[in-house]
Amino acid sequence: MTSDSSISQRAMAGFAESRGGFDGADAPYLDGLNAEQREAVLWTEGPVLMLAGAGTGKTRALTARLARLLATGRARPWQILAVTFTNKAAREIKDRVARLIGPAAEGLQWLGTFHSVSAQILRRHAPLVGLKSTFAIIDADDQARLAKQVIEAEGLDEKRWSGRMLGFLIDGWKNRGLTPDKVPQDEAWRFAEGRAIKLYAAYQARLTTLNAADFGDLLVHNLTIFQKHADVLEEYHQRFRYLLVDEYQDTNVAQYLWLRLLAQKSRNICCVGDDDQSIYGWRGAEVENILKFEKDFPGAKVIRLERNYRSTPAILAAASGLISANAQRLGKTLWTDRAEGDKVKVRGVWDAEEEARLIGDDIEAEQARGRALSDMAVLVRAAFQMRAFEDRFNTLGIAYRVVGGPRFYEREETRDALAYLRLIRNGDDDLSFERVVNKPKRGLGDKALQTLHVIARARGVSLMTAAKLSLETDDLGGAAKKALAQFVGAIERWARDAKDMTPAEIAELALEESGYVDMWKTSKSAQADGKLDNLKELVRAASEFDTLEGYLDHVALVSELTEASESGQVWLMTLHAAKGLEFPVVFLPGWEEGIFPSQRSLEEKGAAALEEERRLAYVGITRAEESCRISFAANRQVYGRWQAAMPSRFIDELPEDAVDVVSQPGLYGAAAKTFASHSSFDGAKLKDDAYYDNPGWRRARAASGRGPSPPPMIEGRASSVSVSAPGRSRFAVGARVFHQKFGYGRITAVEGQKLTVDFDHSGEKKVVDAFLEAA
DNA sequence: TCCGAGCCACTTTTT
DNA sequence: GTGGCTCGGA
């Protein structure tokens, strides 16, 4: 610590003062904290960077710090700004503070996600950026639709320039805190032949007319307000005495600027993070922010939490070894005094189905030994990998629970229902109007909507107003007019009723009377029942709120229902969703080149992306307390086609002595080689030499214990047949056959046991007799 | 205006 | 394999 800075003197004063009385070493919030955690709690004045490795009790220190600020009277609850990235994290912090200091924690009204806090601030000053305080918050889906409209209005080919792409681009700029006038001119060429910035400006103009803000706006508008209105910023300087930031390594430029503006006066900012767990670069997060904290806040106190309470030494060793391959890091050495424990298991299997079978069996075995299902988690790189596990778990009857899958509030029926509610609250919500005006079908199709758009644009009014105007004219045909009058009348009626009804009652009324519920009741779709259930659930969720406004705001910023946690289910989620969680047993499937590290991310961002993927792997391993089981498959279906896969390079980066490789023999054996090298895909990648030189393969082969030549067959599959054995095929040219992977086909050539088959869907391939069945 | 057939592009990760 | 979209016919 520096001796000459007034900050550290103040801090020392705080430290000293804390040694006596109520705030002494026996304060309840200090119970069981180690020296570093204590320091993080007691060092309240001036900038603090808490570098907290995985499982080092970060949340514990952080909540104790909040508890202390409140308990010692350093700050009242509303004088603390505490931001997180997820609602889950915010909720957990609030709950834990409440456990430490009681109901006073409820007053922490500025504890929330970046988005919810900045939305709160924006509501109070909306007019300063041209919005009304009732502005709607639109999600990614609406954003894409709006962007699409802007693109169409500009006369561009929407097939070539999609709304989603423009949405991504705009998000990128907003992540960097850039309004249209601040985007560097040369970036205009990133979309639509130099018109990108113009489109961005048009998009913003549309949002203003709609009285709406997208996610990125919440923060960017805050920045604009703070920069242009010193008095407003001053108000928040007065208000926020202490700032606390969770997961600082995930902040983007806009969030960084926002924090810096708010902290510049008090400088009492405590950022908590772990550079090794920065996994949101694709969303604009800048690891840089955490790497340069000490430069941004001179005299900052840096506290390292390195004692890990979660995992066994074996697991930590595997994780540490892996992450050490990254160049860009502050560096930490996690340690633990737990007992050694099992090595990290690495297992190779034939394909995703078999991987699911293996993991399913493991889960059953653990369960038989008395392990609770909820103590086990399967963490995947991408959501599409989940299906194989769901199928398998359903077959075995293993209860599971998907975290983060298709989000409740993003489902079609939920969004439709919410559009009704939004329209009831605010008739001028054009996006919602468009969404439900013909849902259920009312005979108000494209043509009618087109007409309304023309009127709306000509008069400069909303679609709802245009609709009312059109009822007085002959712009629409008789049938359409009648239907529209009914629709408009119904919305107005519900809006009147809404005044003295609860959100749940309005929702129920509108969904029933609009015919929306009937639409699904009479639907033949297989998903209709589920959708009706979701609608009921939505009404139930609404019943937890007093006002329609409150409910809609909640929905906009929270993508999940508050879920009752059940103990009897295996967790199934993406690695991203798993951050911050821990489980005794963790399965990490799909460690194959192309999947993990993800091909796409490497193509997009190269070496930096590889480091991020590696951090993701690190996050995965460090979720495990006792047992960590990594697996990879030799074959995987991509877009319904089979593809050979190589073990992930990350597997080879795991330190030898921390892992236990149990590869199934024969994965990359002769049979696989035969069809791999002759198949139409990936010929280059699978050239024999390169293939067998792959380190992951070497490891797998070494573990199989069968010497240098690939073992002949796959265990459990056609194991009775030897590839090398000469002999005659059971099949003749022209025979119809079936192949597990390639489906049905016809034999076109026979050469011993090697057959050439023209598959109906996969084309001509050479395969071995043993893999075929007569069809 | 609606609906089905056929074509397509697509799969990271999320507030 | 899937879901989203366009196009043509009812």
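Remember, predicted model here, so these are calculated numbers, not experimental data. In the text below, chain A, chain B and the rest are named by the order of the sequence lines, each starting its count at 1.
Side chain of A:Lys441, nearest nucleotide from B:dT15, B:dC2, B:dT14: B:dC2. The side chain of A:Ala577 lies closest to B:dT14 when the candidates are B:dT13, B:dT15, B:dT14.
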_Criterion salt bridge (Lys or Arg N to Asp or Glu O under 4.0 Å) on A:Asp142 and A:Arg422, from CA distance to verdict_ = CA-CA 13 Å; A:Asp142 285 333; A:Arg422 280 161 54 172; 3.4 Å; yes
*What do the steps show when you test A:Phe650 against A:Tyr618 for side chain to side chain contact (heavy atoms under 4.5 Å, CB included), and what is the final call?*
CA-CA 10 Å; A:Phe650 297 151; A:Tyr618 174 80; over 6 Å; no
*Evaluation steps, salt bridge (Lys or Arg N to Asp or Glu O under 4.0 Å), between A:Arg283 and A:Asp171*: CA-CA 8 Å; A:Arg283 214 172 79 186; A:Asp171 270 347; over 6 Å; no
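Atom pair A:Asp171:CG and B:dT13:P shows a separation of 16 Å (rounding to whole Å applied). C:dG3 atom C1' lies 11 Å from atom CZ of A:Arg387, rounded to whole Å. Per the geometry, CG belonging to A:Asp141 stands 15 Å off C1' belonging to B:dT15, to the nearest Å. The interatomic distance linking A:Lys447 (NZ) with B:dC2 (P) rounds to 12 Å, in whole Å. Put simply, CG on A:Asp217 is 18 Å from P on B:dT15, counting in whole angstrom units. Taking atom NZ of A:Lys148 as the reference point, atom P of C:dT6 lies 6 Å away to the nearest angstrom. If you take CE of A:Met519 and P of B:dC2, they are 12 Å apart, rounded to a whole angstrom. Per the geometry, CE belonging to A:Met386 stands 10 Å off C1' belonging to B:dT13, to the nearest Å.
In this pair, A:Trp282 lays its aromatic ring flat on the base of B:dT13, centres within 5.5 Å and planes under 30 degrees apart.
The residue among A:Ala383 and A:Asn438 whose nearest nucleotide of DNA chain B is located toward the 5' end is A:Asn438.
Counting any heavy atom pair closer than 4.0 Å across all strands shown, A:Phe384 reaches a base atom. Here A:Ala140 lies out of heavy-atom contact (under 4.0 Å) with every strand. Across all strands shown, A:Asp139 has no heavy atoms under 4.0 Å from either base or sugar-phosphate atoms. Base engagement by A:Ser601 is indicated by at least one non-hydrogen atom pair under 4.0 Å involving a base atom. Contacts of A:Phe114 with the nucleic acid, taken as non-hydrogen atoms under 4.0 Å apart, are absent.
No donor-acceptor pair under 3.5 Å is formed between the side chain of A:Lys579 and the backbone N or O of A:Arg623.
For the atom pair CD1 (A:Ile290) and CD (A:Gln249), the distance works out to 5.5 Å, reported to the nearest 0.5 Å.
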